[in-house]
Structure formats: structure tokens, C-alpha cells
Amino acid sequence: MSTNLHLNDDDLVLHYYGEMPTADESRAATHLSTCGACQENYAKLQRVMAFVDSAPAVEAAPGFERIAWARLEPALRAPRRNWYAWFVFSPVRLAFTAGIVLLIGAAFMAGRMTRTAAPAGAPQSAEKVRERILLVDLGEHLDRSQMVLVELVSADDSGGSVDISLEQSRAEQLVSANRLYRQTAASTGDAAMASVLDELERVLVDIAASPSTVTTEEFDSVRRRIDSKEILFKVRVVSSQVRDRQKAANRERANPSTLGS
Amino acid sequence: MPHTDAAAVALARGGDSDAFRALVDRHSRAVYRLAHRMTGNPQDAEDVVQETFLKAYRQLGRFESRANFGTWLHRIAVNCSIDLIRGRKHQEAGHDAADLESLDGGDEQRVDPSPERLMLSTEVQERVGRAMEELTAMERAAFVLRHFEGQSIEDISRALGLKANAAKHSIFRAVRKMRLALEPFVES
């Protein structure tokens with residue numbers, strides 16, 4: 001590198017980060033000290049980088065560690081499996097796999113199920129069978145979540161403290177499944193479903209992370225969190241939508257030739 | 001609670017979940033910060049934290065006790081972030097020239113905020129966040145590791161599984177895009 005040659009943008013980046021080879025670095029520094037154009041360009045780079053640095057890092061919310069642990073703990077408790085266990089047939093794994101495949105495929109794009117005409121007499125595709133299985137699965141998940149929320153909202157808190165260990169253990173079991181449903185809803189572009197599942201997950205994690213026996217005040221705070229987000233109402237709405245999708249899928253199964261009309 | 005990471009790791013390897021919880025308590029915030037920078041989204045950052053610790057737990061046996069647990073965890077978090085961003089097909093294809101033009105000419109980028117507004121850190125955060133959204137997963141990862149984490153290009157190439165030259169060019173492209181997006185505000 002000659003000291004007379006201007007430094008291009010990439011050279012300046014290397015110089016800025018101190019990543020230039022030693023031999024080039026001294027020539028670059030000499031050039032920068034004498035070249036107005038390069039000085040100006042370098043100053044612009046420095047200003048942009050300073051601007052980037054001035055943006056505060058996004059910090060996790062207070063109590064994040066507790067929430068992180070509540071999410072993590074049920075997954076850590078899951079038994080470790082050997083690689084070949086993935087190939088072993090089990091109803092739970094089948095349901096799980098079907099759920100994922102279905103979600104990825106189409107569950108949240110339910111409109112397609114009623115708009116796409118199947119060739120008359122065509123056998124039900126494996127995809128549609130999986131769709132139906134998943135809709136049932138998702139519906140059950142939402143029902144179970146509703147039950148936990150309803151039990152909490154209507155629990156008797158007159159005794160000074162409330163034992164929520166049962167609801168807590170159920171919430172814990174629901175967190176991992178909810179997370180999978182939410183991630184898949186997001187990746188398939190169903191933002192509304194993903195958003196409700198996200199809110200639900202936060203409440204479930206909150207419940208899972210609470211002490212098993214809470215004071216009346218703490219219990220009120222849990223209840224207020226459920227109320228303030230209207231999460232129960234939202235879960236009921238999506239649950240009802242899922243049931244409608246189930247019905248549509250069942251109708252399609254019963255009478256595929258009426259589709260698309 | 002074990003006093004050092006090494007002690008906590010040793011106990012966690014033996015199945016002590018309290019020891020692993022101590023590691024989560026110590027490191028989850030830093031992992032979140034890194035993940036948020038890498039993904040630009042709180043939801044994704046939380047998922048990366050979860051995946052990172054899950055992978056770390058499952059791979060504790062492979063962790064060399066002489067190494068730094070935080071550094072090891074960071075590497076896992078970087079990879080989880082990249083996987084997640086790739087999984088979301090985050091503007092990975094067809095970048096460079098066309099993207100640079102669109103960045104230059106985008107309506108949003110022409111908005112001329114008052115100096116008072118720019119003083120607000122949340123505004124700066126949003127501007128920088130939006131500029132970073134224009135980077136590909138690899139550019140974003142390389143830039144975050146170089147700029148915010150202070151890692152050398154050599155270390156970055158190792159962490160991302162790239163050749164040093166490829167890592168360097170990812171950083172060049174990232175800086176070029178950041179400059180195009182942010183210079184109009186910085187210089188105005």
C-alpha cells in the first residue's frame with residue numbers, strides 16, 4: 001500500500017477496528033494524517049459508529065432470570081434419549097411430529113382448507129389427515145390452558161394464602177408445547193395466533209415461576225395479570241376459531257366434492 | 001450456590017439442577033443482550049436464551065473445564081441466533097447492491113427527525129435497530145461480534161465457521177449498509 005493511495009471504505013473499516021496488517025497500518029496512518037478527503041471519510045465512519053454505540057443495549061426485563069429458568073426447567077427434566085429413540089414409534093412422538101408438520105404445512109392457513117378443491121374422489125392426503133390431528137391437538141392445548149386460567153381466576157383466596165401447586169404444575173407442562181405452537185405460528189405468518197400464544201406463554205411462565213403457595217396479595221397480582229391482558233377472553237376466541245377449523249376440516253373429510261363451490 | 005462457573009459446571013454435570021440454575025442466573029442476561037442484538041427482537045432473543053441453555057446443558061460433557069464458560073455460552077448463543085434468523089428466512093437472499101440502493105432511497109430513511117428527537121435514546125435505538133434489520137444473518141452476526149463484542153476477525157471466522165476473508169467481507173458489507181442507513185441522520 002503506497003502512502004499516496006487513498007484509503008477505500010474497507011481499508012477504513014479495518015483501520016477503525018485495528019484489524020489492518022501491521023505493515024499496512026503504518027502506511028494507512030501516515031496517509032490519513034495528510035489526506036483531507038480520507039480524513040473526512042474516516043470521520044464520517046467514526047460518527048456513524050459512535051451513533052451505533054450510543055444506542056443503548058436492550059436489557060432483559062427485571063426478573064428475567066426467574067422467567068428464563070421457569071421456561072427452561074421443564075425441558076431439562078425431559079428424559080435424555082439416544083439418537084435411535086427418534087425412530088421408535090410412540091403415540092406421543094407421533095402426535096408431536098404430526099403437530100409440527102401440520103403447523104408448518106397449513107394449520108394456520110386454514111382458509112386454504114376450504115378454498116382448495118380436491119379432485120373428486122381423491123383420497124384424503126396425509127397432509128390433511130395431519131392437519132386434522134393437529135387442530136385437535138391445538139384445540140386441546142388451548143382448552144387445557146383455559147382450564148388453568150379459569151381455575152386460578154376463580155380460586156378461593158379467603159384463607160390468607162392460596163395453594164396453586166396444581167395449576168403451577170399444569171402450567172409448567174403447557175409452556176413447552178405452547179412455545180412450539182407459537183414459534184410455528186410465527187414462522188408460518190399467522191401473526192394473530194402467534195401473538196395470543198405469546199401472551200398466553202408469558203402468563204403460563206409467570207404461573208410456573210410463582211411459589212407454589214402464594215399470599216392473597218400475590219395471588220391477586222397473578223389474577224390481575226390474567227385480567228389485564230384479557231388473556232382468557234383471547235384464548236377463548238382463538239380456541240373457538242380452531243374449533244371452526246376443525247369442523248371445516250371434518251366437513252371436507254365427509255364431503256370433499258363440495259369444496260371450492 | 002457455587003462460587004465459580006467451573007464449580008457450577010462440575011456440579012451440573014453430575015445432575016445438580018441448582019448448580020445449572022446458578023449458571024442461568026449469572027449468564028442469561030448477557031446471553032439475552034447478545035441475542036437481542038443478533039436478532040433484533042425480544043421474542044427471538046428469549047427463544048435464543050432458551051435454546052442456548054438447553055444446548056449448553058446437553059453438551060456440558062463436551063465443555064472443557066479450562067475454558068471460559070461465558071465464552072462457550074456466547075458461541076452457542078451466536079449459533080442459535082444464526083439458526084433462528086436463517087429459519088425465519090430473514091432477508092438472506094439477494095442482498096448487496098440492490099439492498100444498498102433500496103436503503104439509500106427508502107421513504108423511511110428520508111424522514112428527517114429533529115435533533116431533539118435524535119437525542120432520545122429510544123429513537124437512536126430504533127434507528128440502529130432498523131439499520132441492522134437490513135443486514136443478512138451472517139452480516140449481522142459478524143458485525144455484532146466485531147463491533148459490540150470486540151472479537152477479532154479471526155475469532156469471528158472461527159465462531160461462524162467462515163474463512164477469515166468471508167468474515168471480513170461480511171463485516172465490510174454490514175458497515176457499508178449501516179453507513180448508508182445512518183449517515184443521513186448523523187450528518188444532518
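Every chain is numbered from 1, with letters handed out A, B, ... down the list of sequences.
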Q) Residues of residues 17-31 of chain B under 4.5 Å from chain A (heavy atom pairs)? A) B:Ser17, B:Phe20, B:Arg21, B:Val24, B:Asp25, B:Ser28, B:Arg29
Q) A:Asp163 and A:Ser165: side-chain donor and acceptor closer than 3.5 Å? A) yes
Q) Got a sec, which residues hit side-chain hydrogen bond (donor to acceptor under 3.5 Å, both in side chains) with A:Arg47, two or more places apart in sequence or on another chain? A) B:Glu187
Q | Interface moiety of A:Glu19 toward chain B, non-hydrogen atoms closer than 4.5 Å | A | side chain
Q | Test applied, side-chain contact (heavy atoms from CB on, under 4.5 Å); reference residue, A:Val52; option that passes from B:Met132, B:His147, B:Arg127 | A | B:His147
Q: Quick one: which of A:Tyr16, A:Tyr17, A:Phe64 has the most heavy-atom pairs under 4.5 Å with chain B, could you say?
A: A:Tyr17
Q.
Any salt bridge linking B:Glu51 with A:Arg179? Criterion: basic side-chain nitrogen under 4.0 Å from a carboxylate oxygen.
A. yes
Q: Apply salt bridge (Lys or Arg N to Asp or Glu O under 4.0 Å) to B:Arg75 and list each qualifying residue two or more places apart in sequence or on a separate chain.
A: none
Q | Heavy-atom pairs under 4.5 Å with chain B, option from A:Ala57, A:Ala61, A:Gly18, A:Ala68 with the top count | A | A:Ala57
Q) Considering only heavy atoms, which portion of A:Ala50 lies under 4.5 Å from any heavy atom of chain B: side chain, backbone, both, or neither? A) neither
Q) NZ/B:Lys55 to CD1/B:Ile76 distance, rounded to the nearest 0.5 angstrom? A) 8.0 Å
Q. When heavy-atom pairs shorter than 4.5 Å are enumerated against chain B, which of A:Ile67, A:Asp198, A:Leu72, A:Leu14 gives the highest number?
A. A:Leu72
Q) With ring centroids as reference points, do B:Phe185 and A:Phe51 lie under 6.0 angstrom apart? A) no
Q.
Can you tell me how the ring of B:Phe143 sits relative to the ring of B:Phe148, calling it parallel under 30°, perpendicular over 60° and tilted otherwise?
A. perpendicular
(Q) Strictly below 4.0 Å, N to O, side chains only: are B:Glu183 and B:Arg179 in salt-bridge contact? (A) yes
Q.
Is there a side-chain hydrogen bond (donor to acceptor under 3.5 Å, both in side chains) between A:Asn178 and A:His141? Walk through the geometry before answering.
A. CA-CA 8 Å; A:Asn178 195 86; A:His141 169 76; 2.9 Å; yes
Q) Do any of residues 39-46 of chain A come closer than 4.5 Å to chain B, heavy atom to heavy atom, and if so which ones, in number order? A) A:Asn41, A:Lys44, A:Leu45
Q: Could you grab the distance from atom CD of A:Glu25 to atom OG1 of A:Thr30, nearest 0.5 Å is fine?
A: 9.5 Å
(Q) With a 4.0 Å cut-off on N to O distance, would you call B:Arg173 and B:Glu139 a salt bridge? (A) yes
